[in-house]
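These numbers come from the heavy atoms of this one structure, side chains and all, not from hydrogens, waters or symmetry mates. Order of listing sets the numbers, starting from 1, for every ligand and every atom in it.
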Amino acid sequence: MKKISVVVSCYNEEKATPLFYEEMERVRKNDFADIDVDFEYIFVNDGSKDNTLEVIKELSTHDHRVKYISFSRNFGKEAAMLAGFEAATGNYVVHMDADLQDPPYLLRQMYDSIVIEGYDTVGTRRVTRAGEPKIRSFCARVFYKIINKMSNIEMVDGARDYRLMSRPVVEALTSMKEYNRYSKGLYSFVGFNTKWIEYENIERVAGETKWSFWKLVKYALEGITAFSTVPLILSSFLGILFCAVAFIAIIFIIVRTLAFGDPTSGWPSLACIIVFVSGVQLFSIGIIGQYLAKTYLEVKNRPIYIIKEKKLDSKSKLTSMEEE
Ligand code: UDP
Ligand code: MG
């Protein structure tokens with residue numbers, strides 16, 4: 001029998017998690033009633049500070065399909081997704097947010113696209129961003145324009161992490177052990193035949209978003225440095241540009257001095273030039289520093305997440321590796 005693994009990353013989702021489980025169970029019992037398919041839920045508790053873990057444990061005592069992994073602290077959604085994918089034992093694996101912003105009712109359609117239409121993976125994208133601050137939507141649009149110009153990998157605007165994948169896609173994703181993970185890029189990087197399903201934005205059922213504006217900006221920069229080296233080229237380009245400007249200026253000053261003598265005026269403009277050029281230099285060093293920092297973190301090869309406790313299938317890869 002085929003199995004679908006539903007990976008859910010949860011950070012402070014004590015309110016949303018039971019609602020998610022209920023809705024997902026409804027979909028499992030209704031939409032999947034006519035086919036022979038098994039389910040497993042892998043809840044990844046990403047170091048929640050509320051009672052999320054207790055809520056998940058409670059669910060798992062009533063339903064053998066519910067498994068969980070609990071991190072030793074908050075490692076971020078990317079780490080939670082990786083842990084879930086690595087632990088998933090299903091033929092198909094899907095990631096969903098706990099807040100029901102990834103609507104479970106789409107799952108049957110996604111499943112059919114893989115099993116009947118023969119796609120390897122089915123992604124979803126939001127076509128609207130209703131309910132989100134205007135400035136946030138605007139910045140997101142600008143970001144996608146920029147990153148698609150800068151990177152050879154296509155990032156789809158509005159693409160969610162809600163994605164159903166067949167086994168080979170999951171294997172490809174989990175084979176990438178990079179520390180600085182940017183899933184939207186990783187999904188595109190692995191390729192495979194992808195079908196896109198579009199839907200209108202849905203607001204979260206309970207709790208609050210974990211993404212502040214600055215967290216999103218940081219994440220966007222993460223995406224750029226992880227999938228593009230254009231900023232490095234930009235700083236070289238600025239260097240060349242300023243050399244050229246300086247060269248022209250030198251010739252101009254020599255000619256002027258020869259023609260008109262050398263009155264000691266013009267220090268304010270000189271001061272401006274010095275400040276401006278040092279600014280550009282620092283900016284460029286900053287860009288190089290960003291890449292160096294990323295390289296430093298990768299080289300250290302630290303684990304992407306640390307598990308404090310878990311309950312998984314005995315045949316799951318994680319449990320067989322470490323004794324419980
Ligand atoms: N999440 C997580 N770790 C984090 C932040 C978020 O596992 O450090 C989970 C969160 O519990 C939710 C999903 O990632 O299930 C998406 O987060 P959120 O809804 O806050 O983001 P938004 O939908 O507002 O972009
Ligand atoms: Mg959300």
Contact atoms of ligand 1, heavy-atom distance to Gln101 under 4.0 Å: 19 (O), 22 (P), 23 (O)
Proximity to ligand 1 by part of Asn74, non-hydrogen separation under 4.0 Å: side chain
Pairs touching residues 221-247 that satisfy salt bridge (charged side-chain N to carboxylate O under 4.0 Å, His left out), sequence neighbours left out: Glu222-Lys294
Pairwise side-chain contact, Tyr187 with Thr194, heavy-atom cut-off 4.5 Å (strictly under): no
Pair Thr124-Glu198, side-chain donor/acceptor within less than 3.5 Å: no
Atom name, Asp99 (N, O or S, nearest to the Mg ion (ligand 2)): OD2
Side chain, backbone, both or neither: Glu13 near ligand 1, heavy atoms under 4.0 Å: side chain
Hydrophobic cluster (4.5 angstrom, side-chain heavy atoms) - remaining members for Val255: Phe247, Ile251
Ligand-side contact atoms (ligand 1) for residue partner Asp99, heavy atom cut-off under 4.0 Å: 19 (O), 23 (O)
Ligand-side contact atoms (ligand 1) for residue partner Gly76, heavy atom cut-off under 4.0 Å: 3 (N), 8 (O)
Asp97 contact mode with ligand 1 (heavy-atom cut-off under 4.0 Å): both
Which of the ligand 1 atoms, numbered from 1, are nearer than 4.0 Å to a heavy atom of Ala98: 15 (O)
Ligand 1 versus Cys10: contacting region, heavy-atom distance under 4.0 Å: backbone
